[in-house]
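A quick write-up on the structure given underneath.
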Number of protein chains: 2
Amino acid sequence: MGELRILLVDDHPVVRAGLRAMLTEFEDFSVAAEAADGDAALRELARLRTLGERVDVVLMDLQMGAGMDGVTATAAIRKLESPPPVLILTTYDTEADILAAVEAGASGYMLKDAPPEQIRQAVLSAAAGQTALAPKVAALLMSRISSPETALTTREVQLLELLATGLTNRAIARRLFISEATVKTHLVHIYGKLGVDNRTSAIALATQRRIIRTPGQ
Amino acid sequence: MGELRILLVDDHPVVRAGLRAMLTEFEDFSVAAEAADGDAALRELARLRTLGERVDVVLMDLQMGAGMDGVTATAAIRKLESPPPVLILTTYDTEADILAAVEAGASGYMLKDAPPEQIRQAVLSAAAGQTALAPKVAALLMSRISSPETALTTREVQLLELLATGLTNRAIARRLFISEATVKTHLVHIYGKLGVDNRTSAIALATQRRIIRTPGQ
DNA sequence: GTACGGATCAACCAAAAGGTTGACCGCCCC
DNA sequence: GGGGCGGTCAACCTTTTGGTTGATCCGTAC
């Protein structure tokens, strides 16, 4: 099928340069375009299509400093007609990131600390319509589907969000028009599900897993 | 002085490839060696010295997946005889990271989302024995010295970081080899400076003000 | 050399949070 | 229409945290 044409999406110029160097060195890869965020990626894709140029794989970071994030961009790309496969290449292997990416329609999920050969293989797999998952990611997905009982209820997530802003139990109770006893009950449930025993570790874990946004917005 | 010889320290092969490509493209730079963590960096430095090879600048990431972290490595390098300048190149611009790096003896602090030209300039500055700071970083340091009474001490920031990981006072005390009483004293000072009265709001505020990074690393 | 600030520790008390048991209600699902 | 689950509440007790006062040690700045 000739050379593989790739669209690089990452907000770090250093990383884009690295991927370009790494991918074009040995294999028959070429970089069709680069973008620093999701919006730019969609623009580039549209531009290349009007020019009649092919894009075989989109290599996408999830965390972008500004502009559209990688998950949103992936979902948008997958809604195009005959969309190119999107391979996620990111730093973090958190549950929420992975689940969000897969839900958005990503064809694979690789980590940036992977050796070049693994990344090249993943790009080839994605281009061939196959799924490419980093070993860590695959393991996490497997363990996740086997234990769904740890999921928090919406009320519990709501509590967790207020918790993260630094409110006391009494303040949370007043905010939600419930009693302090109920707040404590919810917290005990939350701690149990997250496997922690105090509010700060609950916040730390929930933030890590992207169950809530970073404290104080 | 001829070409500038650089030691790259970053746990991501992609980033190392990017820096290599970016730095060697136009300027008279050459990559003396690469390392994936602090231990490897020290080994490479020792190896190059026994070979009589010069290293003009160490380009160092702070966050390493495994092995010795960037701050520890920087401090270790600066303890060598006639140590090369260490230029930090990392993703985060939080107070905690910056202060730790400066204290460890870094010659500069740049962010990975900086344009290539800025990074090249910073490497040149560092090699010339000058200090190179990203604009954001410079601003933070300025504001800190202009209002020292509300500024947290490095020890306090360190405590705050441990706090955000969900550790109890006792656990923090053990981690830092100090008594629980001292931890409580520090916390009271932190609360006073931040204008809060409990640990969760301290974390929320410190995260908002970018004194620390999002909890749980 | 002394004054100051950072870091360390202790003792003490008050307040908040953590943990347990048990209970009631409303809703949805077989 | 009974069982399960999510949400609500109370009483009780233990542990942790918050707040205060006061003290020592060690650098550095003046």
Side-chain angles (χ1 to χ4, degrees), chain A residues 147-206 211-212 215, chain B residues 75 95-96 98-100 102-105 141 144-206 211-212 215:
Chain A
S147 64
E149 73 280 355
T150 58
L152 298 174
T153 68
T154 53
R155 191 59 156 175
E156 286 163 354
V157 173
Q158 192 184 4
L159 261 287
L160 213 34
E161 282 180 326
L162 294 177
L163 205 65
T165 67
L167 295 181
T168 62
N169 291 348
R170 188 177 309 174
I172 294 173
R174 278 201 283 256
R175 186 76 71 89
L176 296 180
F177 305 106
I178 58 180
S179 82
E180 210 176 322
T182 305
V183 173
K184 292 174 76 172
T185 304
H186 282 307
L187 288 186
V188 169
H189 292 160
I190 291 172
Y191 298 160
K193 288 180 180 177
L194 294 183
V196 299
D197 61 356
N198 66 70
R199 52 180 58 212
T200 44
S201 2
I203 295 169
L205 202 65
I211 294 170
I212 56 172
Chain B
E95 202 173 304
I98 296 169
L99 291 180
V102 170
E103 245 178 62
L141 287 181
R144 199 180 148 80
I145 53 172
S146 70
S147 62
E149 69 282 353
T150 56
L152 299 174
T153 67
T154 53
R155 190 59 155 175
E156 284 163 356
V157 172
Q158 191 186 6
L159 241 82
L160 211 33
E161 282 186 307
L162 294 178
L163 204 67
T165 67
L167 295 181
T168 63
N169 291 349
R170 188 176 312 174
I172 293 173
R174 278 201 281 257
R175 187 76 73 90
L176 297 181
F177 304 107
I178 59 180
S179 81
E180 210 175 324
T182 306
V183 172
K184 293 173 75 172
T185 305
H186 283 307
L187 288 184
V188 169
H189 291 161
I190 291 172
Y191 298 160
K193 288 179 180 178
L194 294 183
V196 300
D197 60 357
N198 66 70
R199 50 180 60 211
T200 44
S201 1
I203 295 168
L205 201 64
I211 295 170
I212 56 172

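Here is the naming used below: chain letters follow the sequence lines, and residue numbers restart at 1 for every chain.
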Can you list, pair by pair, the side-chain donor-acceptor contacts under 3.5 Å of residues 173-182 of chain B, counting residues two or more places apart and other chains?
{"from": "B:Ser179", "atom 1": "OG", "to": "B:Ala181", "atom 2": "N", "distance (Å)": "3.2"}
{"from": "B:Ser179", "atom 1": "OG", "to": "B:Thr182", "atom 2": "N", "distance (Å)": "3.2"}
{"from": "B:Ser179", "atom 1": "OG", "to": "B:Thr182", "atom 2": "OG1", "distance (Å)": "3.2"}

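- Among residues two or more places apart in sequence or in another chain, the side-chain contact (heavy atoms from CB on, under 4.5 Å) test is passed with B:Ala75 by B:Ala104.
- Residues satisfying the side-chain hydrogen bond (donor to acceptor under 3.5 Å, both in side chains) criterion with A:Arg170, sequence neighbours excluded, are absent altogether.
- Considering only residues two or more places apart in sequence or on other chains, B:Ser201 meets the side-chain hydrogen bond (donor to acceptor under 3.5 Å, both in side chains) condition with B:Asn198.
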Please list each protein N or O that sits under 3.5 Å from an N or O in nucleotides 24-28 of chain C, with the distance.
none

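- A:Leu194 and A:Leu205 get closest at one heavy-atom pair: O-CD2, 3.2 Å.
- Every residue was checked against the salt bridge (charged side-chain N to carboxylate O under 4.0 Å, His left out) condition with B:Glu161, not counting sequence neighbours, and none meets it.
- A donor-acceptor pair under 3.5 Å is absent between the side-chain atoms of B:Glu103 and the main chain of B:Ala100, judged by distance alone.
- Taking every heavy atom of both residues into account, B:Ala164 and A:Ala204 meet most closely at O-CB, 3.4 Å.
- Taking 4.0 angstrom as the limit, A:Tyr191 places a side-chain polar atom (N or O) nearer than this to OP1 or OP2 of C:dG18.
- Of the inter-residue distances, the one linking B:Leu162 atom CG with A:Thr200 atom OG1 reads 11.5 Å to the nearest 0.5 angstrom.
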Grab the N/O contacts between the protein and nucleotides 7-10 of chain C below 3.5 Å, and write none if there aren't any.
{"from": "C:dA7", "atom 1": "OP2", "to": "B:Thr153", "atom 2": "OG1", "distance (Å)": "2.6"}
{"from": "C:dT8", "atom 1": "OP1", "to": "B:Arg155", "atom 2": "NE", "distance (Å)": "3.3"}
{"from": "C:dT8", "atom 1": "OP1", "to": "B:Arg155", "atom 2": "NH2", "distance (Å)": "2.6"}
{"from": "C:dT8", "atom 1": "OP2", "to": "B:Arg155", "atom 2": "NE", "distance (Å)": "3.2"}
{"from": "C:dT8", "atom 1": "OP2", "to": "B:His186", "atom 2": "NE2", "distance (Å)": "2.7"}
{"from": "C:dC9", "atom 1": "OP2", "to": "B:Ser179", "atom 2": "N", "distance (Å)": "2.4"}
{"from": "C:dC9", "atom 1": "OP2", "to": "B:Thr182", "atom 2": "OG1", "distance (Å)": "2.9"}
{"from": "C:dC9", "atom 1": "O5'", "to": "B:Ser179", "atom 2": "OG", "distance (Å)": "3.4"}
{"from": "C:dC9", "atom 1": "O5'", "to": "B:Thr182", "atom 2": "OG1", "distance (Å)": "3.4"}
{"from": "C:dC9", "atom 1": "N4", "to": "B:Thr185", "atom 2": "OG1", "distance (Å)": "3.0"}

Does the pair B:Asp197 and B:Tyr191 meet the rule for a side-chain contact (heavy atoms from CB on, under 4.5 Å), with working shown?
-> CA-CA 6 Å; B:Asp197 60 357; B:Tyr191 298 160; 5.7 Å; no

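- Counting only heavy atoms from C-beta outward, the side chains of B:Leu187 and B:Leu163 approach each other to under 4.5 Å.
- For A:Asn169, the side-chain hydrogen bond (donor to acceptor under 3.5 Å, both in side chains) partners two or more places apart in sequence, or in a different chain, are A:Arg199.
- Reading DNA chain D from its 5' end, the first and the last nucleotide to sit under 4.0 Å from a heavy atom of chain A are D:dG6 to D:dA10.
- Taking CG of A:Leu167 as the reference point, atom CG of A:Leu159 lies at 10.5 Å (rounded to 0.5 Å).
- Within a heavy-atom distance below 4.0 Å of DNA chain C, no residue of residues 168-175 of chain B is found.
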Please test B:Thr153 against B:Lys193 for side-chain contact (heavy atoms from CB on, under 4.5 Å), starting from the C-alpha separation and ending with a verdict.
-> CA-CA 10 Å; B:Thr153 67; B:Lys193 288 179 180 178; 3.9 Å; yes

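- Under the side-chain contact (heavy atoms from CB on, under 4.5 Å) criterion, B:Ala206 pairs with B:Leu160, B:Ile211, B:Ile212, not counting sequence neighbours.
- If one axis is set at each end of the helix from C:dG1-D:dC30 to C:dC30-D:dG1 from five pairs, those axes are 50° apart, to 10°.
- Rounded to whole Å, the distance from NZ on B:Lys184 to C1' on C:dA17 is 14 Å.
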